[in-house]
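Below you'll find the structure, written out as structure tokens, and then a few comments.
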Amino acid sequence: QVQLAESGGGLVQPGGSLRLSCTASGSINSIYAMGWYRRAPGKQRELVASSGGSTIYAASVKGRFTISRDNAKNTVYLQMNSLNTEDTAVYYCNAFITTPRGTGDYWGQGTQVTVSS
């Protein structure tokens with residue numbers, strides 16, 4: 001019933017910027033938290049940034065990435081600056097959502113971010 005739609009991924013050169021967005025839709029009562037995870041080839045999925053009761057960033061992205069939310073639009077953004085090749089990964093949107101049928105985590109399908117010259 002709930003869907004998370006991501007956009008903004010693509011190919012960017014080192015040092016460049018990219019802005020990801022994720023919009024939740026469906027039978028939503030409230031969204032308590034939204035965030036971004038990523039999985040690079042051969043690595044485990046890791047938390048990049050989250051916004052809820054508090055805001056948290058992975059150490060590797062602090063100072064370069066900024067998470068923000070537009071609650072009226074059920075949307076979360078990830079502004080990524082000073083990108084480097086190690087940021088290459090599939091980025092997944094995550095949200096902790098209450099629906100008429102309960103509360104739980106929802107995931108987007110993932111969007112590819114490739115940093116390469």
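Counting begins at 1 with the first residue of the sequence.
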Inset, instruction - Drop me the distance from L47's CG to N94's CG, to the nearest 0.5 angstrom. - result: 8.5 Å

Inset, instruction - Decide whether a cation-pi geometry holds between R69 and Y77; the criteria are a distance under 6.0 Å from NZ or CZ to the six-membered ring centre and an angle within 45° of the ring axis. - result: no

Inset, instruction - Give a yes/no verdict on a cation-pi contact between R45 and Y92, requiring under 6.0 Å between NZ or CZ and the six-membered ring centre and an angle within 45° of the axis. - result: yes

Inset, instruction - Say whether I28 and M34 are linked into one hydrophobic cluster, either directly or through other cluster members, by side-chain heavy-atom distances under 4.5 angstrom. - result: yes

Legend entry - Distance-only polar pair, side chains of E86 and T88, donor-acceptor under 3.5 Å: no

Legend entry - Identified side chain to side chain contact (heavy atoms under 4.5 Å, CB included) counterpart of L20 within the set M80, Q79, E6: M80

Inset, instruction - Tell me yes or no: between the side chains of S27 and Q1, is some donor less than 3.5 Å from an acceptor? - result: yes

Legend entry - Main-chain N/O of S50 paired with Y57 side-chain donor or acceptor, under 3.5 Å: no

Inset, instruction - Write down the atom of V48, the atom of V61, and the distance for their closest heavy-atom approach. - result: O-CG2, 3.7 Å

Legend entry - Salt-bridge present (R39, E46; N to O < 4.0 Å): no

Legend entry - Any side-chain donor near an acceptor of the partner, T75 and T23, under 3.5 Å: yes

Legend entry - Check: Y37 ring centroid to W107 ring centroid under 6.0 Å: yes

Inset, instruction - Kindly say whether V113 contributes a backbone atom to a donor-acceptor pair with the side chain of D87 at under 3.5 angstrom? - result: no

Legend entry - Neighbour count above 12 (heavy atom, 6.0 Å) for L11 CG: yes

